[in-house]
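This report refers to the structure that appears directly beneath it.
Numbers here simply count residues along the sequence, with the first being 1. Whatever order the structure lists them in is the order used to number ligands and atoms, beginning at 1.
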Amino acid sequence: MSTTDGELEHVVIVGAGIAGCHTARNLAADHEVTVIDRTGVAAEATGLSAGIVAPTLFYSDVPDIARHANAFFREFDGTHGFEFTRRDRIDVMTDDEVADARALAQRLADEGFPVSFLGTEEVTERYSEFDFDEFAGAVLYEDTGWVDPYTYATALQSAAEDRGAEFRLDSEVTDIDVENGTVVSVETDMGRVDADAVVIAAGWRTRDLLPDGVDVPIRPYRTQVIVLEPDEPLTEQFPLGRIKSEHLYFRPEHNGDLLVGGGHHPLETPASASKDADESFRLEIADSVPEFIDGFGDAGFVNGWAGIDAASPDTRPIVDAPENAPTGVLVATGFNGLGIMTSPVVGPTVRQRLTGTDAGFPIEPFAADRFERIDTSFEYVSTSEI
Ligand SMILES: Cc1cc2nc3c(=O)[nH]c(=O)nc-3n(C[C@H](O)[C@H](O)[C@H](O)COP(=O)(O)OP(=O)(O)OC[C@H]3O[C@@H](n4cnc5c(N)ncnc54)[C@H](O)[C@@H]3O)c2cc1C
C-alpha cells in the first residue's frame with residue numbers, strides 16, 4: 001500500500017532532527033529529497049540527547065525492530081565521521097522487579113540477543129564500583145552502546161547529501177498546500193517548495209503543521225541531563241545503565257565523566273521552557289549517585305541541560321499518515337526519549353508507507369490508527385518505566 005497518488009519524485013522533509021536526517025538518507029537513494037529546518041541540523045532534541053542505544057531492551061516485544069536498529073549502528077559505524085561506542089548496560093532491579101527481569105532476560109536470550117540476568121553477587125563481582133545492597137541483581141545487555149547524537153545526525157546529513165539530498169537550514173515551514181486532497185507544496189519563510197510527499201518530522205512542533213481536522217496524539221515533555229566528574233575518571237569497562245526505581249539512567253563519557261539523565265515531566269508551554277537542568281534535579285543527582293556508585297563523594301558538576309521531546313500515549317513513535325491527512329502527508333514524531341536508538345527504523349518505515357517497499361520489520365507499532373481516539377492530554381508515561 002502506498003500513500004501517494006501517481007509518481008513519487010520529490011519528497012520534502014520538515015525537520016533536520018534525527019528522524020528527518022535518517023529519512024533523508026534512506027529516501028535520497030532513489031528520490032529527490034529536500035530537508036527544511038527552521039534552525040539547523042540536530043538543533044533541538046537530537047543535539048541534546050544522551051545518545052544511548054539500547055533497542056534490545058526498548059523493543060523487546062518486537063525483536064525484528066531491535067535487530068534492524070542494532071545492525072544499522074554497526075553498519076554505519078566508521079562512515080561519514082560517525083562512531084558507535086559499544087558498551088555493556090546493566091538495568092538494576094529491586095526485589096519487586098526481579099521476577100519480570102529474569103523472564104525478560106530469558107526471553108531475549110531465547111531470541112538470540114546477548115542478554116542475561118545477574119544476581120547481586122555476580123553483578124557485584126563484575127562491577128565492584130557499584131553498591132548493589134538495596135538491589136536483587138541486574139539485567140546485563142551486551143549489545144548496547146552510545147553515539148554522539150550531533151555527529152550521528154551530521155553523518156546522516158552527509159550520507160544523504162552524497163545521495164543528492166538538499167538541506168535548507170534556517171528556513172521555517174509555515175504551511176502545507178493541498179489541492180484536491182493531495183499535498184502539492186510547502187510554504188516557507190523563503191518561498192514555496194513543490195512536493196509530491198511531505199514528511200513532517202518536526203519533533204514536538206509536528207502538530208502545528210497539520211491541516212485543520214488532522215491531528216496526532218503527541219504532547220511535549222521535558223527531560224534533563226547532568227554530567228559529573230568523579231574523583232577518578234571512570235574505567236573503560238564502566239557500563240551504561242539504569243536504576244529504574246530511582247527513574248535515573250547513566251552512561252560514561254569518553255573522558256571518564258558520568259552523564260546521568262532523568263527528571264522527565266510533561267509541559268504545557270514548551271516554547272518558554274528553560275534549557276538548563278533544574279537545581280532540584282541537580283541536587284537529586286548529587287544525593288543519589290554517591291549512594292549507588294563509589295568515587296562520587298567529591299564529584300564535580302561539569303554541566304547540565306534540558307531538552308524537549310514528543311511523547312505519545314504508548315511511548316512508541318507515530319510514523320504514518322494520520323487519519324484524514326491529505327494524500328502524501330506523513331508524520332514521524334513521538335519518540336518518547338528513544339529517538340536516537342529508534343532512528344534506524346524511521347527511514348524504512350516512511351519508505352514502506354510511501355512506496356509499499358517492505359521495511360523488513362513490522363511497522364504496525366508505528367501506525368497512526370492504533371489509538372482509538374486523538375487525545376493530546378493523555379497521561380504522560382516515561383520510557384524509564386519500561
Ligand atoms: C536530554 C535528552 C536526552 C535524551 N537521551 C536519549 C538517549 O539516550 N537515547 C535516545 O535514543 N534518545 C534520547 N533522547 C530522545 C531523542 O533525542 C529524541 O527522541 C529525538 O532526537 C527526536 O528527534 P526528532 O527528529 O523527532 O526531533 P528533533 O530533534 O526535535 O528535531 C525536530 C526538528 O524540526 C525542526 N522544526 C520544527 N518545526 C519546524 C518548522 N515549522 N519548519 C522547519 N523545521 C521545523 C526543529 O528545528 C528541529 O530541528 C533524549 C532527548 C533529550 C532531550
* To do: Answer yes or no: are there more than 12 heavy-atom neighbours, outside Tyr150 itself, under 6.0 Å from its atom OH?
  => no
* **Tyr152-Phe73 aromatic ring centre distance below 6.0 Å** => yes
* Structure fact -> Contacts satisfying side chain to side chain donor-acceptor pair (under 3.5 Å) that involve residues 298-312 (not counting sequence neighbours) are Ser312-Asp314, Ser312-Asn336
* Would the Phe130 and Phe238 ring centres measure less than 6.0 Å apart? -> yes
* Structure fact -> Note: Leu240 and Gly145 closest approach over all heavy atoms is CD1-O, 3.4 Å
* Could you tell me whether Phe292 and Phe135 have their ring centroids closer than 6.0 angstrom? => yes
* To do: Write down, by chain and number, every protein residue that brings a non-hydrogen atom to less than 4.0 Å from an atom of ligand 1.
  => Val14, Gly15, Gly17, Ile18, Ala19, Ile36, Asp37, Arg38, Thr39, Gly40, Glu44, Ala45, Thr46, Leu48, Ser49, Ala50, Gly51, Ile52, Ser171, Glu172, Val173, Ala201, Ala202, Gly203, Arg205, Leu209, Thr223, Val225, Tyr249, Gly307, Asp309, Phe335, Gly337, Leu338, Gly339, Ile340, Met341
